[in-house]
Amino acid sequence: MNKAKREAIFARLQEAIPEPTTELLYDTPFQLLIAVILSAQATDVSVNKGTRTLFPEAPDAAAMAKLGIAGVSRHIRHIGLFNSKAKNVVATCEILLRDYGGEVPRDRRALEALPGVGRKTANVVLNTAFGEPTLAVDTHIFRLANRIPLAKGKTVRAVEEGLLKHIPKAYLKDAHHLLILHGRYVCTARKPRCGACVLFDLCEFKGRFAAAEDGGEAP
DNA sequence: ATCCCGAGGG
DNA sequence: CCCTCTGGAT
C-alpha cells in the first residue's frame, strides 16, 4: 500500500462522509466520557436511548455520583454489561470530583486510570472532546484496517501503531470517525456492502462478499 | 483466556 | 438460532 493510495482512500472517505463525528449524544466532555464508557460492546442507538434520560437527571459528575449505582442502572438496563458499567460510571465520577474538580482530564494516563476507561475510550475522548489526533482502534477500525488492508495486525495496539504511521497527517484528526462510520454503514462485519463502497477498487477484500448482497453465498 | 451481558439483525 | 455492537478488568 503506497502513499498515493492511502491519500486516495482518505480523500474518498472524506467526500463520502461530510460530517466525520460521533453519533453519541453529549453536551460536555463529561457526558461524552460517560457515553463512551457505556458504548462498550453496544450500539450508539442503544447508548443514546439511555443517556437521553440519564443526562437530564445527572448532567455532571456531582449529580451522577449522587444518583448512585442503582440510579444509573435504571437508565441503562437495556444496554449490555450494564451492571459493571453502572458501577464504573459512578466510581469514575467520584474520582473526577476528588481529583479533577469534576472535570475530565485532558491526559491519556489520567483517563486510563479511571474505572471502565481503557486505551480505546481514552483515545475517543481525546479525539472527540479535545480535538487531538488520536486514533481509537475499536471493532470497526480493527476490521477495516485488516481488510483493505491499511494496517495488518493481530492486536489492536499493533493496528493502532500501523495506522498512525500510514494515515496521511492531514486526515489524522478525522480518520477515527471516517473509518468507524464507513465500517458501520458500508464495510460491515457480516455482510459488507462492497457494491456501494467508494474504496472498492483500492481494497484487497474487494468483492469477496459481493455475491452475498443478492443473497448468494460467499466463495 | 474468561467474564460481564442486553437488544437488534440476519 | 448465532453474530455483532466504538471494551475493560481480572
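In what follows, chains carry the letters A, B, and so on, assigned in the order in which the sequence lines appear, proteins first and then strands, with residues in each chain numbered from 1. Atom set for the values below is all heavy atoms of this structure, side chains included, hydrogens, waters and symmetry mates excluded. None of the values given here were measured: they were computed from a predicted structure.
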- How far, in whole Å, is C:dC1 from B:dC4 if one measures between their C1' atoms? 22 Å
- Hey, where on DNA chain C does chain A first and last touch, going 5' to 3'? Cut-off is any atom under 4.0 Å from a heavy atom. C:dC2 to C:dA9
- Query: Has the side chain of A:Asn48 got a donor or acceptor atom that lies under 3.5 Å from a matching backbone atom of A:Glu23?
  - Reply: yes
- Task: Identify whether the distance between the nearest side-chain nitrogen and carboxylate oxygen of A:Asp201 and A:Arg12 falls below 4.0 Å.
- Result: yes
- Message: Classify A:Ile79 by what it touches in the nucleic acid, base, sugar-phosphate, or nothing, heavy-atom distance under 4.0 Å.
- Response: sugar-phosphate
- Task: Might you work through the side chain to side chain contact (heavy atoms under 4.5 Å, CB included) test for A:Phe130 and A:Val104, ending with a clear yes or no?
- Result: CA-CA 10 Å; A:Phe130 298 123; A:Val104 177; 4.3 Å; yes
- Query: Are A:Glu160 and A:Arg119 close enough for a salt bridge, meaning some N to O gap below 4.0 Å?
  - Reply: yes
- Item | Residues A:Glu161 and A:Arg157 bridged, charged N to O under 4.0 Å | yes
- Just checking A:Arg77: base, sugar-phosphate only, or nothing, at a heavy-atom cut-off of under 4.0 Å? sugar-phosphate
- Message: Looking at every non-hydrogen atom in both residues, tell me the closest pair between A:Arg147 and A:Thr188 and how far apart they are.
- Response: NH1-O, 2.9 Å
- Message: Here's a test of your reading of the structure: between A:Leu114 and A:Ile180, which maps to the more 5' nucleotide of DNA chain C?
- Response: A:Ile180
- A:Arg184 CZ to B:dG9 P: how many Å, rounded? 14 Å
- Message: Under 4.0 Å, counting only non-hydrogen atoms across every strand here, what does A:Thr121 touch: a base, just sugar-phosphate, or nothing?
- Response: sugar-phosphate
- Query: Across the strands shown, which category fits A:Thr139 at heavy-atom distances under 4.0 angstrom: base, sugar-phosphate, nothing?
  - Reply: sugar-phosphate
- Query: Going by atom types alone, do A:Thr21 and A:His177 pair a side-chain donor with an acceptor below 3.5 Å?
  - Reply: no
- Message: Side chain of A:Arg190 only, heavy atoms from C-beta on: which candidate in B:dG10, B:dC4, B:dG6 is closest?
- Response: B:dG10
- Query: For A:Asn88 and B:dC4, what is the distance between atoms CG and P respectively, to the nearest whole Å?
  - Reply: 14 Å
- Spacing of A:Lys87 atom NZ relative to B:dC3 atom C1', expressed in whole Å: 13 Å
- Task: Measure from the side-chain N and O atoms of A:Arg143 to the backbone N and O of A:Gly183, and report whether any donor-acceptor pair falls under 3.5 Å.
- Result: yes
- Query: Given the P atoms of B:dC3 and C:dT6, what is the spacing between them in whole Å?
  - Reply: 24 Å
- Does A:Lys3 reach the side chain of A:Arg6, with side-chain heavy atoms less than 4.5 Å apart? yes
- Task: Taking only heavy atoms on the protein side, list every residue of residues 24-54 of chain A lying under 4.0 Å from any atom of DNA chain B, sorted numerically.
- Result: A:Gln41, A:Lys49
- Task: Sticking with atom P, work out how far B:dC5 lies from C:dT10, rounded to a whole angstrom.
- Result: 15 Å
